[in-house]
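Take a look at the structure set out below.
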Amino acid sequence: MPSTFPPRPISRVTNAIENGAWYCFLVWTAVGCIVMPFEIGEVTIRESVPFAGLREALITILGVADAVWIIFAAIIVYFYTLRREGGVRARVWAIIIMTGSAVAEFVGAKTGFPFGDYTYTDNFGTRLFGVLPFTIPLAWLIIVLAGRYLTVWIFPLWNRWQLALSTAVIATLTDLNLEFIAWKVRAYWIWYPPGSAQALNPPSWPPIQNYISWFVLSFVLCLVLPALQQFPRGKAPEPFRPVLVL
């Protein structure tokens, strides 16, 4: 059984970064709630903003908005982990999740296994080696850790197998929720790109193997993480921010 520890003290700088990311995330989310429903894009900005400098600045911001949003979210989840588990564990967890997910996603985008035939675009951030947006491992970090915290918040006595199973369910439901926006609206990735087996007659939804792969990968990533630190009742830092981000 893991030892019991008090909440980890953090420096003023760390606290400032965490709080800054939190408020920026809230503002960015609020802006997104205006931009997306009203379909405000480059064309709208060019037609509506008369000042060239401001117009180009807004177009640039719009182009990186989704990636910046994910960065803020990842900082929030990571710094909660830092505060709850300490620096070493937070770094190890981040390395495990981001490396494991990056390898799986890179192979998937290149080969179609295990997720299915898809390719990423530049709409979700710069692609590493021209293949994988750097934001994808950050998204996995958010989903796996926040899903884990949500589970342990509700079921604090569950063992690591139950925790991994619940996290996998949450991750898979999250992907199911995100697919329509991420694929159809924002075009972070393209299912059945030219050259794939179903390119000429693409189905309306991703293949079932995508969701099975999400479940298996998130289950494995959560299972291999070290056990969460145990706290006396009422002493653990509340995971309100990571859960709300999720």
Side-chain angles (χ1 to χ4, degrees), residues 1-11 13-15 17-19 21-22 25 70-107 114-115 135-178 211-246:
M1 292 293 291
S3 303
T4 297
F5 291 89
R8 302 285 178 147
I10 59 176
S11 68
V13 174
T14 301
N15 188 62
I17 295 173
E18 183 181 15
N19 288 332
W22 171 246
F25 175 80
I70 286 294
I71 291 171
F72 286 144
I75 291 173
I76 292 165
V77 174
Y78 177 79
F79 274 76
Y80 173 81
T81 305
L82 183 68
R83 183 153 45 89
R84 191 188 196 282
E85 302 292 331
V88 173
R89 291 165 69 88
R91 287 190 292 272
V92 169
W93 292 12
I95 290 171
I96 290 173
I97 295 172
M98 294 178 65
T99 302
S101 61
V103 170
E105 291 278 9
F106 190 92
V107 171
F115 300 98
T135 50
I136 293 297
L138 295 179
W140 275 95
L141 179 74
I142 295 164
I143 293 170
V144 172
L145 285 185
R148 198 182 196 209
Y149 294 139
L150 174 59
T151 299
V152 79
W153 195 21
I154 300 172
F155 304 105
L157 299 181
W158 274 14
N159 61 40
R160 66 186 305 147
W161 289 91
Q162 292 171 311
L163 193 58
L165 181 61
S166 175
T167 300
V169 170
I170 292 171
T172 306
L173 291 176
T174 301
D175 180 55
L176 182 64
N177 177 55
L178 288 175
Y211 302 108
I212 295 173
S213 299
W214 262 81
F215 181 89
V216 172
L217 180 57
S218 53
F219 177 84
V220 171
L221 289 174
C222 185
L223 188 65
V224 300
L225 294 178
L228 288 158
Q229 303 281 22
Q230 298 298 306
F231 293 89
R233 183 180 297 274
K235 296 297 184 180
E238 292 291 335
F240 172 75
R241 288 180 178 180
V243 168
L244 189 58
V245 165
L246 178 64

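Hydrogens, waters and symmetry mates play no part in the numbers below; they use all other heavy atoms, side chains included. Because the structure is a prediction, the values reported are computed rather than measured.
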Locate the shortest heavy-atom distance separating [X] from [Y]; write the atom from each residue and the value.
| X | Y | value |
| --- | --- | --- |
| I142 | I70 | CD1-O, 3.7 Å |
| A227 | W93 | O-CZ2, 4.2 Å |
| A21 | I75 | CB-CG2, 3.5 Å |
| V224 | R160 | C-NH2, 4.1 Å |
| L221 | I96 | CD2-O, 3.8 Å |
| A164 | C222 | CA-SG, 3.7 Å |

[atom1]-[atom2] distance between [X] and [Y], expressed to the nearest 0.5 angstrom:
| X | Y | atom1 | atom2 | answer |
| --- | --- | --- | --- | --- |
| L150 | L244 | CG | CG | 11.5 Å |
| Y211 | L173 | OH | CG | 10.5 Å |
| D175 | F215 | CG | CZ | 13.5 Å |
| L145 | I97 | CG | CD1 | 3.5 Å |
| I76 | N19 | CD1 | CG | 10.0 Å |
| L163 | L225 | CG | CG | 9.0 Å |

Is the closest side-chain heavy-atom distance between E105 and W140 below 4.5 Å? yes
Would you indicate whether the side-chain heavy atoms of V144 and M98 approach each other to under 4.5 Å? no
Verify side-chain contact (heavy atoms from CB on, under 4.5 Å) between L165 and T151, making sure each step is shown before the conclusion. CA-CA 10 Å; L165 181 61; T151 299; over 6 Å; no
Between [X] (side chain) and [Y] (backbone), is there a donor-acceptor pair under 3.5 Å?
| X | Y | answer |
| --- | --- | --- |
| S218 | A171 | no |
| E85 | Q229 | yes |
| S166 | Q162 | no |

Does the plane of the ring in Y149 sit parallel, tilted or perpendicular to the ring in Y80? Use 30° and 60° as the thresholds. perpendicular
Above 12 or not: heavy atoms from other molecules or residues under 6.0 Å from CH2 of W158? yes
Should L217 and F115 be marked as a side-chain contact (heavy atoms from CB on, under 4.5 Å) after you check the CA-CA gap, both sets of side-chain angles, and the distance that decides it? CA-CA 10 Å; L217 180 57; F115 300 98; 4.1 Å; yes
Candidate pair L228 and R84, rule side-chain contact (heavy atoms from CB on, under 4.5 Å), full reasoning: CA-CA 9 Å; L228 288 158; R84 191 188 196 282; 3.7 Å; yes
Going through the distances and angles, do T167 and F219 end up as a side-chain contact (heavy atoms from CB on, under 4.5 Å)? CA-CA 7 Å; T167 300; F219 177 84; over 6 Å; no
